[in-house]
Amino acid sequence: MHLDERSNLILKRVVSNPGISNAELERKYHLSRRQISYSFTKINDWLKSNNYPKIQRTNGGKFIIDPLLMELFAEKVEHSAGSYIPSEKERAQLVLLMLLGSEEELSLLHFSSSLSVSKNTVLRDMKYTQKIVNGYHLEIIYSRMHGYDIVGSEWNKRKLLIEVLRTVYDMYQGETYIQAYTGISREEIQRLKEQMEKVEKRLALQFIDQKIKLLPYTIAILLKRIKKGNLIKDSYHIDYEELSDTKEFEAAEILIEDAACIPKEERLFITLQLLTSNVLSSQFLREEETLELKSSLKNSLALFEKKACITFKEKEKLLQKLVLHMKPAYYRIKYQLTTNYSIIEKVSEEFEAIHYIVKDSLKPFETYIGCSIPESEVMFITVFIGGHLINSGETIQLKKRAVVVCPNGVSISHLMEHTLRDLFPEFYFYEALSIREFEQSKAEFDMVFSPVTVQTSKHLFIVEQFISDFQKLQLRQRVIQTIFGLNTSVVNIEQLISVIEKYAKVEQKSQLQKALQDYFSLQILNETSENQEYSLADLITPETIVLRDQVESWKEAISIAAAPLLHKGVITEAYIDKMQEQYPSMSPHIVLRLNVAIPHASPEDGVQAVGMSLLKLKEGLLCGEQKVHFIVVIAAIDKKKHLNAMLQLMKLAEMNGVINEMKQLNEKYKIYEIIKTHSI
C-alpha cells in the first residue's frame with residue numbers, strides 16, 4: 001500500500017509538530033475538516049499495514065505520537081512525489097463510478113488501464129466491489145458482448161450513485177477522478193453551477209458548500225443516465241402529489257431546461273436531490289406544507305420536556321432550527337436517502353446522557369412521517385437539542401433508567417409499565433419489552449422490573465403483574481432502599497394488629513387488615529383523561545356481555561367471548577385466531593386475581609377500534625385448581641385509551657364479594673349495573 005502525497009505531507013507535519021491543531025492543518029493545506037479526517041484514516045491504514053503504531057488523539061483533539069514512530073519516521077515514510085495510487089477501498093469506489101457514470105462498455109482491460117493496476121488486482125477489487133453493491137440489492141455481471149455492468153433496480157442504482165459520488169469527491173483529487181471517469185466536462189459543471197445559483201435565488205435559500213460542489217455532478221450523471229434510457233420504473237417510491245406542489249419541483253425546471261423531454265418520475269427524482277440538500281439558511285419557513293411538520297416537532301419537544309423534567313429557554317428558536325433541518329431530512333428519511341453524518345461517534349459520547357430521551361420523544365414526528373427515524377437522524381436531532389441546552393445554560397437531572405420486561409401480551413405489559421411509572425416518578429422508564437426484545441436491546445438501564453427472572457447484571461425486582469396498593473407501597477420501600485440506600489417507614493400491618501389485639505377484641509381480623517392497608521397505602525392518582533380514556537362501563541355494555549352455562553373448551557370460550565366485538569367490527573377473525581394461537585390454554589398470567597381471564601393480542605393482529613367484551617360462564621373453566629367464571633376479551637388500539645378501563649377491571653377482580661355476587665346473576669343488565677357502579 002502506498003501513501004499519497006497529501007497524506008505524506010500531513011504525516012510529516014504532525015510527527016514533527018504533535019501540538020499542531022486540526023484547524024492549522026486545514027489552513028496550511030487548504031483542506032476541509034472532512035478531508036483532513038479522511039487523510040488520517042489513510043495514514044493509520046498505511047501505518048498498520050507496515051506494523052507501525054497508529055496516531056492517536058486526546059479528547060481535546062491533540063495528537064499522540066508514539067516515540068518509536070518518531071524515531072523510525074524519516075526512514076520509513078515514502079518521499080516520492082509521483083502519481084497517487086488509490087487504496088483497494090478507493091479503487092472499488094472508482095470502479096463503481098465508472099460502471100454508473102461511464103457511457104463506454106467496460107472490460108477488465110479498461111479498469112486495469114484506468115486504475116494503473118494489473119488485471120488480477122482488478123479481479124480482486126471486483127470481489128470487494130460486489131460486497132458493496134449487495135448492500136443495495138444490486139449485482140455486477142459480465143458478458144462478452146456488453147462487458148461489466150450493474151443490474152438491478154434503477155432506484156437502488158441511484159442511491160448507490162449518490163453515495164459513490166460523495167465518497168469519491170472526498171478522496172484526494174476526487175473531483176479530477178469524477179471528471180475523468182464519467183466524461184463530464186468542466187464547462188458542463190460550470191453551467192450547472194450557474195443554474196444552481198438561479199435555484200438558490202428562486203428558493204431564497206443557500207446550499208452548503210459541499211452540496212453546491214457535488215450536486216452539479218449528480219445532476220449531470222443523472223441526465224446522462226436518463227438520456228441513455230436508464231429510467232426509474234418503480235415510480236411507486238415517489239409520491240407525485242406530495243412533491244409536485246413544492247417550490248423545489250418548480251425550481252428543478254432550471255436544472256433540466258437544456259435537456260430533452262424528461263419523464264415525470266425523473267423530474268421528481270431531480271426534485272428530491274434539491275429537497276434532500278442540507279440548507280444553511282432559508283427565509284420561508286412558514287409554507288403551508290411545513291405546518292404539520294412543525295406541529296409534530298413541537299409536540300416532540302413538549303414530550304422531551306415532560307420526560308426530562310425541564311422547560312426549554314427560547315423554545316421557538318430551537319423549533320425553528322429543527323424545522324429548517326428536518327424539512328430536507330423528511331425526504332431523506334421517507335425515500336431512504338438518509339446520509340451518515342461524520343460526527344455521529346463524537347456526538348454519541350458527548351450527548352449520551354440525553355440521547356435516549358430524545359429517541360423516546362420523537363414519536364409525534366415518527367407518526368407524522370409514517371416511518372421510524374434512522375439512528376443517524378436521531379443523533380443529529382440530539383445535537384440540536386443538546387447544543388441548545390448547553391448554550392442556554394440548562395441542565396438535565398439524569399434519572400435512573402428502568403425497563404419493564406413482561407412475557408405476556410401488550411395490555412398486561414403496558415399496565416405494568418403504567419403502574420410502575422406512576423409509583424416511581426423519579427425513574428425514567430423505557431417502553432415495556434418482551435423477553436426477546438429485552439435480550440436483544442442495547443439500551444442502557446439501571447434496573448429491571450419483571451414478573452419472571454431474566455438474565456441481567458443490573459438490579460432485578462420481581463414484581464407481580466397485578467399488585468394491590470399496599471404491595472405498591474412495600475415495593476417502593478424495597479426499591480428506594482436498594483437503589484438509593486434510603487430507609488422509608490412502612491407500617492407492618494401484622495405487627496399493628498398484634499398491638500391492637502393486646503388492648504381490644506378484634507372480631508373481623510381480615511376486614512380490619514384490609515382497612516388498615518387501604519389507610520396506609522399510597523394514594524394512587526386517578527389516571528382518567530378527559531378526552532382519550534374510557535371507563536370500564538364505556539366498553540363492557542349489555543351489548544358486549546354474553547351469558548353461557550358452559551363451554552366445551554378454552555378455545556371455544558375465546559370465540560364466544562370475542563363474538564360481540566367481531567359483530568361490531570371492533571376486531572377481525574384474525575384477532576380471534578391470534579388469541580387462540582397465543583394462549584392455547586388458560587394461562588395464570590392472564591387471569592386477574594384468579595377471577596377474570598383477559599385474553600388479548602397486539603393491535604396489529606386485527607384491531608379496528610378499542611373495545612372489551614365479557615363472557616360469564618355459570619359452571620366456569622378450570623385454571624389450575626380454581627374455576628374462572630369471567631372472560632374479558634380486550635381489543636387495544638394503543639397503550640392508553642383502554643388503560644383506565646383496565647385499571648378498573650383489575651380493581652373489580654380483587655373484590656371477591658362483588659365477583660361472587662356477579663356469578664349468581666343471569667341477566668346482562670344487572671351485571672352491567674355492577675360494572676357501572678365500579679367504573680367511577
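In this text, all values refer to a predicted model and were calculated from it rather than measured experimentally.
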Item checked: Minimum heavy-atom distance Tyr575-Gly606, with the two atoms named -> CB-O, 3.9 Å
Note to self: Looking at Glu266 and Ile232, would you say the former's side chain and the latter's main chain have a donor-acceptor pair under 3.5 Å?
What the structure shows: yes
Next item on the list: Could you tell me whether a side-chain N or O of Ser114 sits under 3.5 Å from a main-chain N or O of His110, the two making a donor and an acceptor?
Entry: yes
Check: Val403 versus Lys458: any side-chain heavy-atom pair under 4.5 Å?
Finding: no
Note to self: Under a 3.5 Å distance rule, please check whether Tyr368 uses its side chain to pair with a backbone N or O of Leu297 as donor and acceptor.
What the structure shows: no
Next item on the list: Quick one: closest heavy-atom pair of Leu47 and Lys54, and the distance?
Entry: CD1-CA, 4.2 Å
Note to self: Would you compute the distance between atom NZ of Lys131 and atom CD1 of Ile140 and round it to the nearest 0.5 angstrom?
What the structure shows: 12.5 Å
Notebook entry, point to check: What's the verdict on side-chain contact (heavy atoms from CB on, under 4.5 Å) for Val168 and Leu94, showing C-alpha distance, side-chain angles and the deciding distance?
Noted result: CA-CA 7 Å; Val168 173; Leu94 294 174; 3.9 Å; yes
Checklist line | Test side-chain contact (heavy atoms from CB on, under 4.5 Å) applied to Val358 and Met379, step by step | finding: CA-CA 8 Å; Val358 171; Met379 187 55 75; over 6 Å; no
Check: Passes ring pair (Phe, Tyr, Trp, His ring centres under 6.0 Å), Tyr430 versus Phe438? Steps please.
Finding: CA-CA 11 Å; Tyr430 290 102; Phe438 174 74; over 10 Å; no
Note to self: Could you measure the distance from the CG atom of Leu223 to the CD atom of Glu188? Nearest 0.5 Å is fine.
What the structure shows: 7.5 Å
Margin query: Within the 4.5 Å heavy-atom criterion, are Ile221 and Leu100 side-chain neighbours or not?
Written below: no
Check: Does any N or O in the side chain of Ser602 come within less than 3.5 Å of the main-chain N or O of Glu604, such that one atom is a donor and the other an acceptor?
Finding: no
Note to self: Could you measure the distance from the CD1 atom of Ile132 to the CD atom of Gln93? Nearest 0.5 Å is fine.
What the structure shows: 4.5 Å
Note to self: Are more than 12 heavy atoms, taken from residues, nucleotides or ligands other than Lys363, located less than 6.0 Å from that residue's NZ atom?
What the structure shows: yes
Note to self: Determine whether a donor-acceptor pair (N or O, by modelled atom type, separation under 3.5 Å) exists between the side chain of Ser441 and the backbone of Glu437.
What the structure shows: no
Check: Does any N or O in the side chain of Glu139 come within less than 3.5 Å of the main-chain N or O of Gly152, such that one atom is a donor and the other an acceptor?
Finding: no
Note to self: Just so I know, are the side chains of Met98 and Leu115 near enough to count as touching, which here means a heavy-atom distance under 4.5 Å?
What the structure shows: yes
Next item on the list: Ignoring hydrogens and angles, tell me if any N or O in the side chain of Ser112 forms a donor-acceptor pair with the backbone of Val117 under 3.5 Å.
Entry: yes
Checklist line | Glu105 versus Met145, closest heavy-atom pair with distance | finding: OE1-O, 3.2 Å
Checklist line | Residues in ring pair (Phe, Tyr, Trp, His ring centres under 6.0 Å) contact with Phe111, at least two apart in sequence or another chain | finding: Tyr148
Next item on the list: State the NZ-CD1 distance between Lys228 and Ile226, to the nearest 0.5 angstrom.
Entry: 13.5 Å
Margin query: Rounded to the nearest 0.5 Å, what separates atom CE in Met196 from atom CD1 in Ile189?
Written below: 10.5 Å
Check: What distance separates Glu88 CD from Lys127 NZ, expressed to the nearest 0.5 Å?
Finding: 11.0 Å
Next item on the list: Evaluate the side-chain proximity of Leu301 to Leu322: yes if any heavy-atom separation is below 4.5 Å, no if none is.
Entry: yes
Note to self: Does any part of the side chain of Arg57, heavy atoms only, come nearer than 4.5 Å to the side chain of Asn22, both counted from C-beta?
What the structure shows: yes
Note to self: What I'd like to find out is whether the side chain of Glu194 reaches to under 4.5 Å of the side chain of Gln190, using heavy atoms alone.
What the structure shows: yes
Next item on the list: Quick one: closest heavy-atom pair of Ala432 and Glu417, and the distance?
Entry: N-OE1, 3.0 Å
Notebook entry, point to check: Given Glu163 and Arg166, is the salt bridge (charged side-chain N to carboxylate O under 4.0 Å, His left out) satisfied, shown in steps?
Noted result: CA-CA 5 Å; Glu163 191 58 41; Arg166 185 181 298 111; 2.8 Å; yes
Notebook entry, point to check: Which pair of heavy atoms, one from Ala601 and one from Lys578, lies closest together, and at what distance?
Noted result: CB-CG, 3.8 Å
Next item on the list: Taking atom NZ of Lys193 as the centre, report whether more than 12 heavy atoms of other residues, nucleotides or ligands fall under 6.0 Å from it.
Entry: yes
Check: Out of Leu160, Leu138, Leu161, which residue meets the side chain to side chain contact (heavy atoms under 4.5 Å, CB included) rule with Leu96?
Finding: Leu160
Next item on the list: Work out which heavy atom in Leu97 is nearest to a heavy atom in Ile178; give both atom names and the distance.
Entry: CD2-CA, 3.8 Å
Note to self: With heavy-atom distances below 4.5 Å as the criterion, would you say the side chains of Met326 and Ile381 are in contact?
What the structure shows: yes
Notebook entry, point to check: Can you check whether Ser7's main-chain N or O pairs, donor with acceptor, with Ser39's side chain at less than 3.5 Å?
Noted result: no
Checklist line | Under 3.5 Å: donor-acceptor pair, side chain of Lys198, backbone of Ile254 | finding: no
Check: Do the non-hydrogen side-chain atoms of Leu231 and Glu154 ever get within less than 4.5 Å of each other?
Finding: no
Note to self: Tell me if a side-chain donor or acceptor on Lys224 pairs with a main-chain N or O of Thr182 at a distance below 3.5 Å.
What the structure shows: yes
Item checked: Residues Arg124, Thr121; criterion side-chain hydrogen bond (donor to acceptor under 3.5 Å, both in side chains); working and verdict -> CA-CA 5 Å; Arg124 286 196 301 270; Thr121 299; 3.2 Å; yes
Next item on the list: Could you check Glu175 against Lys213 for side-chain contact (heavy atoms from CB on, under 4.5 Å), going step by step and ending with a plain yes or no?
Entry: CA-CA 9 Å; Glu175 193 168 5; Lys213 290 177 182 177; 6.0 Å; no
Next item on the list: Please assess Lys42 against Trp46 for the test side-chain contact (heavy atoms from CB on, under 4.5 Å), listing each intermediate value before the final yes or no.
Entry: CA-CA 6 Å; Lys42 288 208 66 179; Trp46 180 83; over 6 Å; no
